[in-house]
Amino acid sequence: MKLFRLAILSSYLSYLSKNKKQALKFINLGIFLCIFAISTAGISFFIEKKISDKQNQLLYLQIDDKDYSRLKSSFQTAMDTYQNLLLIEERYRVEKEYLAQSEIEAQLQTDIDFFGSYIYANSFSIKEMFTDKEFLDFVDPEGEDIKYIIELLETSWDEYEVE
């Protein structure tokens with residue numbers, strides 16, 4: 001097998017020595033194809049890297065868009081629920097007010113029955129509000145926030161409006 005390879009190599013070299021112009025063309029063609037392959041691979045790698053970066057950016061944008069759409073739909077659901085609760089409370093209030101003003105129900109219900117539940121519910125939030133240290137610091141007349149608000153009012157409004 002080694003002899004066969006050696007024979008092929010010697011015949012190739014003898015062929016080259018006879019036809020130097022063809023051999024140089026063949027070698028130049030080989031060099032050109034190698035350079036062409038290397039440059040094509042480099043360009044391909046560079047472009048593929050840019051495409052990969054763009055795909056990553058697109059993926060992040062799609063994920064953000066999906067998160068925003070979920071947030072928007074949950075916010076819309078919460079707003080719809082809040083509006084329904086306001087409508088229900090308004091209907092309940094109107095019904096109670098009507099019953100409190102009618103002559104028959106006036107004998108059975110008083111204003112305390114109508115306003116009692118609102119006063120009771122708000123008393124808890126008022127109690128929490130006046131035990132909150134941040135709120136008390138905010139409404140402190142000697143606090144920085146109140147002084148800043150008073151300065152703003154004095155510069156933008158007349159004196160009798162500020163008082």
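Quick note: numbers below take in every heavy atom, side chains included, and nothing from hydrogens, waters or symmetry partners. Along the sequence shown, residues carry numbers from 1.
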Is it the case that the side chain of Ser52 and the backbone of Glu48 share a donor-acceptor pair, with hydrogens and angles ignored and the cut-off at 3.5 Å? no

For the residue pair Leu59 and Gln62, establish whether any side-chain heavy-atom pair is separated by less than 4.5 Å. yes

From CG (Asp67) to NZ (Lys72), nearest 0.5 Å: 14.5 Å

Any carboxylate oxygen within less than 4.0 angstrom of a Lys/Arg side-chain nitrogen, looking at Lys50 and Asp53? no

As an exercise, state the distance from OG1 of Thr40 to CG of Leu33, rounded to the nearest 0.5 Å. 10.0 Å

Gap separating the CG atom of Leu58 from the CD1 atom of Ile63, nearest 0.5 angstrom: 10.0 Å

Inter-residue atom distance Tyr68.OH - Leu61.CG, 0.5 Å rounding: 10.0 Å

Would you please name every residue forming a salt bridge (charged side-chain N to carboxylate O under 4.0 Å, His left out) with Glu90, sequence neighbours left out? Arg93

How many angstroms lie between atom CE of Met79 and atom OH of Tyr82, to the nearest 0.5 angstrom? 7.5 Å

Of all residues at least two apart in sequence or in a different chain, which pass the salt bridge (charged side-chain N to carboxylate O under 4.0 Å, His left out) check with Asp64? none

Report the distance from atom CD1 of Ile88 to atom CD of Gln83, rounding to the nearest 0.5 Å. 12.0 Å

